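Note on naming: letters A, B, ... go to the chains in the order of the sequence lines (proteins, then strands), and numbering restarts at 1 for each one. Since we're looking at a predicted model, the values are computed, not measured.
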Number of protein chains: 2
Amino acid sequence: MSRTVTGTVHSAKRIVIDGMQFARWSRKVFEQMRDGGVCAVHVTVAYHENFRDTVDLLVDWNRRLRLHGDLIGFAGSGEEMDAVIDSGRTAILFGLQNPSSIEADIGLVEMLHRLGIRFMQLAYNNQSLLCTGWTERNDSGLTNMGREVVREMNRLGMIIDMSHAAERSILDAIEYSARPVVVSHANPYAWRNTHRNISDPVLDALAQSGGMLGLSLYPGHMIHGSHTTLDDFARMVAGLAERIGPARIGIGSDLCQEQPPSVLAWMREGRWKHVETDEDVTGGFPPQPDWFRSNLDFGQVRGGLERIGFDAAEIDGILGENWHRFLHDALSGHAPAPGTPAARDERNDGKPLFGGADGV
Amino acid sequence: MSRTVTGTVHSAKRIVIDGMQFARWSRKVFEQMRDGGVCAVHVTVAYHENFRDTVDLLVDWNRRLRLHGDLIGFAGSGEEMDAVIDSGRTAILFGLQNPSSIEADIGLVEMLHRLGIRFMQLAYNNQSLLCTGWTERNDSGLTNMGREVVREMNRLGMIIDMSHAAERSILDAIEYSARPVVVSHANPYAWRNTHRNISDPVLDALAQSGGMLGLSLYPGHMIHGSHTTLDDFARMVAGLAERIGPARIGIGSDLCQEQPPSVLAWMREGRWKHVETDEDVTGGFPPQPDWFRSNLDFGQVRGGLERIGFDAAEIDGILGENWHRFLHDALSGHAPAPGTPAARDERNDGKPLFGGADGV
C-alpha cells in the first residue's frame, strides 16, 4: 500500500517500527535494519546504570550515530523520526529500562530528556523508587515519587513504559498518567503464563486509555519458547486484536541479538544482590525462533499475519503505523510547565503527605 | 549506682546513650554532650545523598573528629565505644537515615561499613529500593533487594534501623533479619497518632525479637508537640514498660539542634519532587519542649522517670545501659561470609525469582 510519511506524499515506503531492541550494536545490525526495511527502533540505552554511567552509554551512542550516519539517525520527535525515515535510514529512539538513571532526583528526568532519552520504564523486575517490578512478592503500585515522575514525564513528552512492572503498578500508571502509557515489549499472560506478560485487565485498560502494547518475540515471553511457531504467534495476535482491536498493537521484539551471557546476568542481577560465582549461571540467551532472528525477518511476520487473516491495513498498523502515530503524539512536549498551579495540582487528590512536622 | 563499663571496674560512670541525633554539629554541641554526661551518640551522616556525596559527609566527620578529638571519638565497635567513654569523651557512631547511599549496589554496604557506617535505615518516609516508608499509600514490605541487604547487614554487623518505615515493612524486617533490629527514634502510635510512630503489634514484635526502641523527644512525635510535658513523657514510658518491659527501651532523641529550615526541607523533600518556590515552606523546626533542649537535659529526663516510679536500675537501662548492651552485641561482625551455602540459603524460602528466561 502507499503511505504518507509526514503528511505530504513523498514515498510509498511501508512503515516498520520496532518498539524495543537491545542488540549488541554493530554495523551489521544497522545494515540488517536497513535491509529489513525497519524505519525506526526504540533502543535500550541502560538497565541498572546510574545517571553518570548512563551518560557514558549515550556518548557511546553518539559515536555510533557518527560512525554509521549513513544507516541510522537519532530521533527525538515525530518530525525528526520522519526526516530520518525519508532519508532512507533507520530512526533511533533512546530508552531506559529502569529509572536508576534518574537516581533519587526528579530533576534528572529533564536532563536525560535533553540528552535524548524518550522512553523510561518505571521499574525493571524489582521494586524501584517509582513502582514495583513483576518479580516482587508484593506490589504497592505507584509511589509518592512515582506520581511526581509520571507528571514530569507527561510534561516533557517522555514515554512511560510499564514493561517489567507488576500489575497494580501498571494499572496505577495508566490511571494516573495524563497521557497514554506503553508496554513496549510483552505478550498477553493468557498466551504464556509468566507475570512478565500482561493480564487481561491490564490489556483492556491499556487499550482503552490509548496506550500501546509492543508484542515480544523473545522466547521467554512466548507460548513454546524458542519452539513457538509463527502460526502460534499469529493466532495470539488475532485473538488479541479481537479483544482490544488492532490499533493498539505493535511489535516490541526485545531482540537481544548476539548478546553474551554477561549481558543477561547484568539485566537480571545488576548489583542488587551478591552472586557468589565466577561462572555463568544464566545459561545465556535462548535461541530465537527460526522465523525471527534479526531485523531481516519482519517480512516473515507480515506473512504470518496475512495467513491468519489480517488485512493489509491492519498489518501495516501492527508492524509500524500504530507506533508511528503514537510516537508523533507522545513525543510532543506538553504544557503545563512546572510551577504553574495546574502542574502542581493536576490529579492531586489532596492527601497531605505529612501531618504537621512529624516526618523527621 | 556504680557500673562496670567494659567488664573490669574502672569507673562509676553512668552510661547515657542517645540512639539518634542530627544537630548542626559544632564544638558547642560536643561540649554539651560532655557536660551533659552523654557517653555515646548515634549521629545521622546522610539522608538522601548518594554514595559519593555520603563519602564527602564522612570526610566532614573526620575533620570534626580531628578538630574536637578532646571531646569526641569515633566508635565502630563496642570495644571502641568503651575506650572513648573511658577516656571521658563522647563516642560517635555513624548512621544513615536512608539507603540512598548504597544506590542500587549491595557491594556498597560493605564499603560504607569500612568507612564507618554502623546504622542504616531501610527507608526514609518514601519507598526505597529496600522497603516502604511510612508516608506511602501502600506498603509492600521488604523487597527482593531488601532481603539481600538485610542479610548483608546481618553479616557485617550494621544495625538495621526501621525508623521512618511503614508497618508491614518493619514487621518484615524483624521477621527476616537473623539479628535484632531497632527503631532508633520514634514513640508509640497509641501516644501520638502519626504513622511515623510505632503501632502496638510492631512494639510487641520488636521487643520479642530482642530489638530496641529509642524514644523520640522530637515535638512532632509527642502527644502535645512542643507543649508535651516531662510528666506526659514519663507516663508514656511507664505504660510502654508495662507492655514490653523496660529492657528494650532507650532514648533516640532525634535532637535537631540549631538546624535551619533548609535542612528540614532537605529531609522531607530531598530531590524526589519538584518544589516550585524559593521560599521556606517547612515553617522550620518546631521548638523543643523546655525540659529537653540539648544534651545538657538528660538529667531532667532522669528526674521525670524517677518521679513516675521507675527504680534506679530501670532508669539506668533506659537512659543508656540498654543501648550499651545492645550495641556491644549488634556491632560484632557475624559469620557466615558471603559465598558459603549458609549465607546464600539462610532464610531463603526457595521461591524462584525467574521462571525460565522470561525476565528480559
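At a 4.5 Å heavy-atom cutoff, the contact between A/Asp105 and chain B is made by backbone and side-chain atoms alike. Interface residue A/Thr143: backbone and side-chain heavy atoms are both found under 4.5 Å from chain B.
Defined by atom type and a distance below 3.5 Å, a donor-acceptor pair is present between the side-chain atoms of A/His274 and B/Glu152.
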(request) Could you walk me through whether A/Asn144 and B/Trp272 pass side chain to side chain contact (heavy atoms under 4.5 Å, CB included), step by step? (result) CA-CA 9 Å; A/Asn144 292 336; B/Trp272 63 271; 3.7 Å; yes

(request) Mind running side chain to side chain contact (heavy atoms under 4.5 Å, CB included) on B/Arg137 and A/Arg147 for me, showing each step along the way? (result) CA-CA 11 Å; B/Arg137 297 173 195 209; A/Arg147 287 190 295 278; 3.1 Å; yes

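Here OG of B/Ser169 is found 9.0 Å from CG of A/Asn138. Values are rounded to the nearest 0.5 Å. For the atom pair B/Asn126 CG and A/Glu148 CD, the distance stands at 9.5 Å (nearest 0.5 Å).
In this structure A/His48 satisfies the ring-ring contact (aromatic ring centres under 6.0 Å, His included) test together with A/Tyr124, A/Trp266, sequence neighbours excluded. Residues passing the salt bridge (charged side-chain N to carboxylate O under 4.0 Å, His left out) test with A/Asp53, sequence neighbours excluded: none.
Screening A/Arg168, A/Glu136, A/Gln127 against B/Ser140 for a side-chain contact (heavy atoms from CB on, under 4.5 Å) leaves a single residue, A/Gln127.
The most heavy-atom pairs under 4.5 Å with chain A, out of B/Ile102, B/Ile106, B/Asn197, come from B/Ile106. Contact tally against chain B (heavy-atom pairs below 4.5 Å) for A/Asn98, A/Thr132, A/Asp254, A/Leu108: the top residue is A/Asp254.
Annotation for B/Arg293: atom CZ counts as buried by contact number, over 12 foreign heavy atoms lying within 6.0 Å.
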